[in-house]
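Excluded from the calculations below are hydrogen atoms, water molecules and symmetry mates; all remaining heavy atoms, backbone and side chain alike, are included. Throughout, protein chains are lettered first and strands after them, A, B, ... in sequence-line order, and every chain is numbered starting at 1.
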Amino acid sequence: MRVRVQEAPFDAGAELDAFTHGRREVGAVVSFTGIVRDTKGGLIRMEIEHYPGMTEKAIAGIAEQAMVRWDLADLLVIHRHGPLPVGQPIMMVATAAAHRRAAFEAADYLMDYLKSRAPFWKKEVTEADEAWVEATPEDEDALSRWQR
Amino acid sequence: MRVRVQEAPFDAGAELDAFTHGRREVGAVVSFTGIVRDTKGGLIRMEIEHYPGMTEKAIAGIAEQAMVRWDLADLLVIHRHGPLPVGQPIMMVATAAAHRRAAFEAADYLMDYLKSRAPFWKKEVTEADEAWVEATPEDEDALSRWQR
Amino acid sequence: MIEVVYFAWVRERIGVPRESVETEAATVADLVEELRGREKRYAAAFADVSALRVALDQELSEFDAALEGVREVAFFPPMTGG
Amino acid sequence: MIEVVYFAWVRERIGVPRESVETEAATVADLVEELRGREKRYAAAFADVSALRVALDQELSEFDAALEGVREVAFFPPMTGG
């Protein structure tokens with residue numbers, strides 16, 4: 001289990017290769033990369049605030065839940081904070097498993113929980129203004145998929 | 001839409017970076033990498049046979065279905081054939097979308113259909129013997145998830 | 001004349017990857033019946049057609065499909081890609 | 001004495017990222033009530049607590065939770081990670 005919270009950029013491809021390399025019992029690796037997107041046009045940058053200390057604990061808790069729930073060989077979570085230009089990776093998760101279903105479901109689960117349960121807050125800075133991104137009811141609804 | 005069927009190895013990380021780079025309207029990239037796994041121990045290599053001509057058409061058809069069904073900015077499919085050592089990537093898919101749900105579902109769909117509808121056949125070569133990998137009822141069941 | 005191609009263990013049992021077959025068979029099932037009657041190796045390959053898939057001119061099809069106008073018939077086990 | 005920390009627009013409305021607060025409040029809700037009564041900026045930040053989340057010693061909690069033994073209380077809007 002590898003969890004990193006950092007301000008520095010990262011290279012999703014290099015991370016995927018490092019995560020995948022040299023495994024004999026893994027048949028499936030799923031990755032998700034979240035990228036700063038210019039939703040309305042005019043976005044200069046995204047700013048991500050987080051809660052140092054709690055962030056690491058919250059992510060580790062979510063990751064442990066995924067390891068308990070699915071038969072995973074390993075997982076990776078990287079999440080950035082600070083200012084982020086359009087097109088740059090914000091975060092990534094990767095999961096490695098013998099079978100594809102576990103790898104897909106665990107990555108999907110990690111994303112749903114990181115989105116709504118890890119203490120990050122996004123602000124969009126355009127030329128005109130700055131606005132905090134609001135959580136949507138869909139974000140919360142997504143969690144109910146896993147509460148069986 | 002980028003589809004490649006090849007005997008040569010590929011680097012999943014480099015492919016992911018090339019696929020992700022320079023998109024302003026993509027918030028989510030999901031990748032799946034299938035890796036030669038030593039299921040029982042003693043695997044020397046996997047051999048993948050395919051149906052040249054039909055393979056490319058079948059994959060293009062599956063990819064087009066995914067593009068119609070989800071709001072994707074792009075997708076990538078790479079599938080190898082020929083002899084493959086343990087630990088090497090067999091194939092990968094990647095999907096790029098504004099939102100994570102479309103990227104996850106489309107990648108999952110592509111995998112289910114590539115598994116059972118693209119003309120590839122895997123043979124496992126161990127020191128003791130050679131055996132064709134058999135399709136499982138679960139592979140076929142997986143398709144019914146998408147037939148709504 | 002129709003091109004018949006085989007993959008995976010079907011190819012191994014029959015012993016050739018492809019061959020041209022002179023036939024008047026109206027459907028895939030008729031063609032299978034004809035091949036079965038030829039030699040033991042065909043009987044072995046086509047012993048259980050429920051374990052087989054068929055493609056006509058590189059499109060997945062069914063065993064009751066007509067062969068009229070078809071140039072290439074392929075027989076193979078269920079695919080195991082991905 | 002309890003450390004109170006604020007994030008995102010809660011921090012912006014209150015104007016400081018953290019502060020030490022002298023309080024006898026028994027629950028988070030009591031603390032919110034106390035802060036609201038202090039100054040306009042607190043009243044603005046805590047106008048609608050249903051729009052807020054709270055963490056006690058870096059664990060997500062609820063507004064009716066007790067503060068006994070808690071060293072750090074954090075107020076923030078729903079998270080938007082990922």
> Would you call C/D57 and B/M54 a side-chain contact if the rule is heavy atoms closer than 4.5 Å?
no
> Given the options B/M91, B/E134, B/H81, B/K122, which has more heavy-atom pairs under 4.5 Å with chain C than any of the others?
B/K122
> Which atoms of B/R117 come close to chain C, meaning under 4.5 Å heavy atom to heavy atom: side chain ones, backbone ones, both, or neither?
both
> Could you go through the side-chain contact (heavy atoms from CB on, under 4.5 Å) check for C/T80 and B/W132 one step at a time?
CA-CA 9 Å; C/T80 54; B/W132 292 99; over 6 Å; no
> Parallel, tilted or perpendicular: which fits the ring planes of B/W121 and C/F7, with parallel below 30° and perpendicular above 60°?
parallel
> Could you tell me which portion of B/K123 (side chain, backbone, both or neither) has an atom closer than 4.5 angstrom to a non-hydrogen atom of chain C?
side chain
> Quick one, C/M79 and B/P119 - any side-chain contact, counting heavy atoms below 4.5 Å?
yes
> More than 12 non-hydrogen atoms from neighbouring residues, nucleotides or ligands closer than 6.0 Å to CD on C/E62, yes or no?
no
> Sort C/A8 into side chain, backbone, both or neither according to what part of it lies under 4.5 angstrom from a heavy atom of chain B.
both
> Does B/H79 use its side chain to pair, donor to acceptor, with the backbone of C/G81 at less than 3.5 Å?
no
> For the atom pair CZ (C/F76) and NE2 (B/H50), what is the distance rounded to the nearest 0.5 Å?
13.0 Å
> Are B/K57 and C/E59 ion-paired here, with the side-chain N under 4.0 Å from a carboxylate O?
no
> Got a sec: does the CD of C/E34 have more than 12 other heavy atoms crowding it under 6.0 Å?
yes
> Can you tell me if CZ on B/R69 sees more than 12 non-hydrogen neighbours from other groups inside 6.0 Å?
yes
